[in-house]
Structures are given as structure tokens and as C-alpha cells.
Amino acid sequence: MRKLFLLLLFIPLFVWGLPADVVWHSQSRNSSESMPVGGGSIGMNVWVENGDIYFYLSRSGSFDENNTLLKQGRFRIRLTPNLNTTHNFSQRLVVNAGYAVISDGNISVKLWADVFKPVVHVSIDSKKAVAVEYEYHNWRYRNREIGKKESFQTSYKFGVPSGVVTSHDVITPSDCGITFFHQNPDTTVFDATVAQQHLLPYKSEMYNPLKNLIFGGKIFGNNIKYSGTCDGVYDNTDYRSYNLRSRSASKHHELCIALTDNQGTVAEWNNKLEGIIKAIDVSRDSKSSVTWWHKWWQRSYIEGEGEAEEITRNYTLFRYMMGCNALGEWPTKFNGGLFCFDPSYVKSDFAFTPDYRRWGGGTHTAQNQRLLYWPMLKSGDYDAMKSQLDFYVRILHNAELRSRVYWHHGGAAFTEQLENFGLPEYDEYGTKRPEGFDSGLEYNAWLEYTWDTVLEFCQMALDAHSYGGVDISKYVPWIESSLDFFEQHYRYVASRNGRKQLDDDGHLVIYPGSGAETFKMAYNPTSTVCGLKTVTDYLVKYLSSIGADSTTIAHYKTMSSIWPDISYRYVDGHKVISPAVVWARVNNTEPTMLYPVFPWRMFGVGRDSLSVAVDTWKYDPYVNKFNGYAGWEQTNIWAACLGLTDEAVKWNTLKLKSGPHRFPAFWGPGHDWTPDHNWGGSGMIGIQEMLLQEVGDKIIIFPAWPKSWNVKFKLHCSRGTIVEAEMKQGKAHIISVYPKNRIKDITVQ
């Protein structure tokens, strides 16, 4: 242990941790060099090209009839006289306040999204009067056929039926504005999926977020009038431009884009939209949004110097991007979130519309999604976790229906490739299934029996209560149902295959199981049994703390006792954690023998079991083969959790170095798409674990941080504790601890 210095610094909280602005002094070539701007549930990709300001506009939850996550459109702002992009030009993202400013010294254009209502604001201020043209570009002015490769943006994946199109939007200009919306029909990919998966008799009782969904908005402002349409092409995609222009030149111009969605009639959608518009108060809304962003940054920070500066800056920029959807009803998607740009700039042969992203819009791949939300515990962003946890509550009934219909038992059967209505993705379920194959299983070599990822989200909810005192009462039925599924399903499987449900040790047998998508047909997969044990024990602790019914507590105590144990094996004489007792094949590259380290924290720094986990890291041939840093790969996290400082430095530096695009936190495509958000999320986790870990009541700071790297941090941990500390010139200092009595629990590794 290193000596711990208590530094009593009476410095206002806001002096440290304020993120630096991102500033560009030249215009961009195309949308791949865009800057993310957003708030609440809105994301914009903003860039300047050929002297004009462009931005894509996205909002979470904008799922079309094929479950593509559609953009609202593209906007171009043209000024007369135009921006001077060769002298005194800047495009600045004010990260601390969530807005962007584009300026040439004479003209200033500010873009921001209201955090608390779905409204985008554009304000133009100039020393001399300027005229403005606003163009709304819509490529869905007509039905668009979906090609086989392009269909990866939908929930049909490669199984898209012939003739399926992205249907056209409705665009209605008026004298001083433009209204636009996309309207889903009664019948969508939901209906096709329900029919495919033998659930038609139950369709009327199922949760369906797509039926009759309408989303879009209205463009309006001061001193503007409608000026007609024209057609064009941007990056291989034809579009129709609906144009507005200023009635007269002025030193000040304002534009608003109000957005909303609704499942119902167009009239109901219009009423909801008008209510949002009437509630706009630009001055008040701007102050409220800036205040929210300031509070976001005051919750936590990581700020490094020297060799740590780039990776901690990129940590901050990715956290900012997650904050842009902090209050959305739907979770941020791992495959680009709200900030996808034209796909040909990700892969040159993907000449598709700006709506494209690999792995779908409504498909929430759980192994990937989890990495976006784990780091929100230590960053204290519990409000932003709500959309991901609520996601499971919404689809709980449909998941429980699967268990009841297919196997006649209780519990919720959540799968890995999970639709926003709670069923397996259409193509992954299998369009060419053999006769008599279990209707509850996906006919898929990667995904069969892969249904334990839900346990990580259950643990996130339980941890959110422990860390931030979050009220998780509405999540408890979902957590219980997720555990009930495993007990009831594997009792069901055992009863069909033999006389007894438990093994000689009184444990349930998890077979067939799966170690993520990698170790298939596994017997007691370690990642599953660790998850079951951890979540059950934490649930019992929570239920006991709130004085829950004693029968319920006893039920889950009994359940905890029947879960199987972790399995081990020997490699070159070294005892290591095994991915399962046995497995039939290796199908992917996920070393699930390290899942007991993270996310389940049964092994690690400060624990007696550390040496076994370190030997697993060192000697297991699969671990060595699968090491990597792209996308969802977690080598950086495990190195930090094991206290392996040199390896943590190596892998986290690779993980969080600036991405290939102009904005540093636009990583990817990795295994998925660009911007790769599970790349950023796993990077956040790795840096956090280098700085702070917990073992029981003990808080360990700098467990895998090099003494030569100067850093300051403020992070959250269990029991409502917030720790602010720094490493400076090789010495660790505590700046503050809340509550103060927990300072006794802190040690420096």
C-alpha cells in the first residue's frame, strides 16, 4: 500500500472537472467530419461545408414500420453574405453547456437542443444585416426500396421480405413554416415477427411500440417565409429540399424545430406538437438547459494531464454524447446512438441513405447495450440509466408470454438480440427453421441459449439503488421474473430429460447454456452462474432492507442455494477459471471466464481470489487469443479490475485514443458501426476501474493507475459515497469524501 495524503483544499467544486471546448478552425469536407450537439433526447451532427452550415437531426424512439431508427432530416443554412471560412473561422462545441457556436468574427450561429422539451434552436447574430436561407432536406419524400445489404438497418436484417420499403414522409409547407412527419401503418415488422414466432393468438395483449407511431416536427421562426422546393443529391442519396428564407435581411434571426411522437391519429400528434410549441420560452429554456449541463458535469469528472490527457478527454467527450439522450424515453443505441452520419464514409461501398446503421434501429443487442450503461454508476448519471432500465419493464409482459406459450412455465425469457417489443430479432430467430425445432429458441449458432445478459441490467438497477438511492420498486418484478425464468426453465429442461431436477450437490444444472456468444452448448457456463448468484444475493439484500414479505425473501434465498458453482480447470499446472464445465464449440471471441472479474466482481483487487483470476489472464489460451480493444472488447476493463497497471495503461490507451474521424470520440466501426458507442462505454469503464474499485466496505483508489500520470477524479460508489481525489507527482491525495465518515474506508493500492 502507498501512503495516503489527505489534502484539505477549500476550492469551489466547479473549478475542477469542467470539460474543455472542442474547437475547429477550418470547415469540414463532409458529414463524417461533423460535431455532435444535443440534449434531452436529441442529437445533431453539425458541420460547415462549402461555406454553408449543415446538420442532421435525430431523436431517440423514431422507429419506422421496419424498426429502422430514422433521422428527422438534414438541414442546410446559407447566409448572404456567406460565412468567411478562411479568416477568423471557428466551430466550437461548448461541452460544459451543450451547445455549438460557428463564427467568423462578424457572424455567429448558435445551435442547441432544449434538454427538457424536444426543441432545437438556431440563432444567428451578425454585426451587419444578413439574409438567411434554410433548407430542409428529406430523402423520404418518396417510398424507398430496401436492398438486401441495406436491410441490415431494419429488424428484418437479411430476411427482409420482397417489396418492403421505407415509406414516404408527409411534408406540409405553410407560408411561414414546414411540418413533417413519418407515420407507421397498423401493420409493421412487429406483426411479421409475432406471426413468425407463433404468437398470433396473443397479439392483442402484447406491447407494440410501432403500431400507428407518428414522429416528426415543425420548422418555424421569425422573419421567414416558404420559398418552394428543389431536388438534389448528397453523398449518393437523392433528396427533396423544402426551403424557407428570411423576409428581410437582419442582424438577428431565430429558427426553431419542435419535435414529438405519438401513437394515435395525426390530429392527436398535431395537438401534442402545438402544446410543445406554445410552451417554448427561449430565454428561460436556454438557462434551464445550460444549468442542467452544468449539474451533469458537477456530478463527476476525470481530468488527466500529459499521457493521460487524451484518453481522459475522450472519456469526457463520450460521456457528453451519452448525456445528449439522458432524458430520452428510449436507451441510446450502441451502434451510433443519435450521431450516425452518411454510411459511405464508414464503408465506401455502403451507398445508402443517412438512416442506415448496421445491426438495426429497434434491435437492442444486450451484450453491447450493457457497456453503455455500466459506467453511469460511477459517473453518477442515474437519470440517464432510466431509459435502459425502463426498456425492460416495457417489454416484460412479452418476454413472460414467451415462457408461458413455449414452455408453459413462468419467468421472462429475454434474448440477446432483443427487439424493442421484447421478441427475438426476425432474422436471428431463423427464417428457415427445421420442423419441430423448439419455438422458444433462436435457430442461430451465435444466439442459441444466450439469454443471461438481462442479469447485468438487473444488477445495474440494484447497484443504482445502492449507489444513488434510486427508487427501484418498479424494477423488482422484472428482476424477480428474470431470475424465475432460469430456475423454472432449467427445472423444466431437467424434467424432460431425466427423473431428477438437481444434481448430487443439490444444484440446478444449466444445460444447454451459453457463455455469451462464444462457448456454446455449455454445461453450467461460468458467466451465467456468476450472474445468477450475484443478482439473487443482491436482490435478497435489497428485499430485506425494505422489509419485503418474508416468504419472498425465503424463496430467493433458496434459489441462491441451488445455483451451480463456478468451474475451474488447469492450464500448464495453473488453476484458472473455466468458461464452463464443458462446452461443445467456440463460436465467437468473448473470454467469458473473465466475467467473474467484470461484471460480476467475484474476483479482483483486494480479494483472496485475485491470484486465480490473474493466472486466468496470464495462462488461459482463449484469453490470450481473444485479447483486443475494438468495439465491445473488454481487455482494458479486466486489466484494470485485476490491478495490472502496465496492462491497464496499454489497453485503455488503445481503447480511448482518438478515433479515425474529426471528432475524437467517433470510434468505429469496430464490430458494429460508427460512432461505436460500446467502444466508448467500455473505455469509460476501464478508466473508472483504474481509478476506483470496491471490495465490501473498502474503497480502493488508484488500484491500476500509474504513479507517473497526474489525474484528478470525482466518482461515485456504493452506499451513496462520492470520492474526489488526485494523483499528483506520484502522490495520492483525497480532496473530499461524501459522506465524510467513509474516509476511513479508503485505501490507496
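Just so you know, these numbers come straight off a predicted model, no measurement behind them. Along the sequence shown, the residues carry numbers beginning at 1. Note: hydrogens, waters and symmetry copies are ignored here, and every other heavy atom, side chains too, is used.
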Where does the angle between the aromatic ring planes of [X] and [Y] fall among parallel (under 30°), tilted (30 to 60°) and perpendicular (over 60°)?
{"X": "Tyr392", "Y": "Trp478", "answer": "parallel"}
{"X": "His489", "Y": "Phe485", "answer": "parallel"}
{"X": "Tyr595", "Y": "Trp638", "answer": "tilted"}
{"X": "Tyr629", "Y": "Trp651", "answer": "tilted"}
{"X": "His364", "Y": "Trp330", "answer": "tilted"}

Is it true that a side-chain atom of [X] and a backbone atom of [Y] form a donor plus acceptor pair closer than 3.5 Å?
{"X": "Thr526", "Y": "Met593", "answer": "no"}
{"X": "Gln693", "Y": "Glu689", "answer": "yes"}
{"X": "Glu307", "Y": "Trp709", "answer": "no"}

(request) Evaluate the criterion salt bridge (Lys or Arg N to Asp or Glu O under 4.0 Å) for residue pair Glu309 and Arg313; output intermediate values, then yes/no. (result) CA-CA 6 Å; Glu309 182 177 359; Arg313 178 204 63 187; over 6 Å; no

(request) Among Phe702, Trp705, Tyr301, find the residue that satisfies the ring pair (Phe, Tyr, Trp, His ring centres under 6.0 Å) test when tested with Phe713. (result) Phe702

For residues [X] and [Y], is any side-chain donor paired with an opposing acceptor at under 3.5 Å?
{"X": "Asn368", "Y": "Asn335", "value": "no"}
{"X": "Gln388", "Y": "Gln369", "value": "yes"}
{"X": "Ser682", "Y": "Lys655", "value": "yes"}
{"X": "Tyr556", "Y": "Asp537", "value": "no"}
{"X": "Thr528", "Y": "Asp452", "value": "yes"}
{"X": "Ser514", "Y": "Lys520", "value": "yes"}
{"X": "Glu456", "Y": "Trp374", "value": "yes"}

(request) Is it possible for you to check whether Lys575 lies under 6.0 Å from the centre of the six-membered ring of Tyr570, through NZ or CZ, and within 45° of that ring's axis? (result) no

(request) Determine, step by step, whether Thr365 and Gln417 satisfy the side chain to side chain donor-acceptor pair (under 3.5 Å) criterion, reporting the C-alpha distance in whole Å, the side-chain angles of both residues, the deciding distance to 0.1 Å, and the verdict. (result) CA-CA 5 Å; Thr365 306; Gln417 289 278 7; 2.9 Å; yes

(message) Working note: Tyr449 + Tyr511, criterion ring-ring contact (aromatic ring centres under 6.0 Å, His included); need CA distance, chi angles, decisive distance, verdict.
(response) CA-CA 9 Å; Tyr449 308 107; Tyr511 179 82; 7.9 Å; no

(request) Starting from the C-alpha separation in whole Å, work towards a yes-or-no answer on side chain to side chain donor-acceptor pair (under 3.5 Å) for Asp484 and Gln488. (result) CA-CA 6 Å; Asp484 291 346; Gln488 294 188 36; 4.7 Å; no

(message) Would you say the rings of Trp293 and Tyr320 are close, in the sense that their centroids are separated by under 6.0 Å?
(response) yes

(request) Just do the salt bridge (Lys or Arg N to Asp or Glu O under 4.0 Å) check on Asp565 and Lys533 with the steps written out, would you? (result) CA-CA 9 Å; Asp565 293 325; Lys533 180 68 174 174; over 6 Å; no

(request) Take Lys712 and Glu724 through the salt bridge (Lys or Arg N to Asp or Glu O under 4.0 Å) test and state the conclusion after the steps. (result) CA-CA 7 Å; Lys712 300 170 186 174; Glu724 197 167 6; over 6 Å; no

(request) List the atom of Met602, the atom of Cys530, and the distance in Å for their closest heavy-atom pair. (result) SD-SG, 3.4 Å

(request) Answer whether the closest heavy-atom distance between the side chains of His507 and Leu502 falls below 4.5 Å. (result) no

(request) Check whether any side-chain heavy atom of Asp463 lies under 4.5 Å from a side-chain heavy atom of Tyr538, and answer yes or no. (result) yes

(message) Any carboxylate oxygen within less than 4.0 angstrom of a Lys/Arg side-chain nitrogen, looking at Lys698 and Glu694?
(response) no

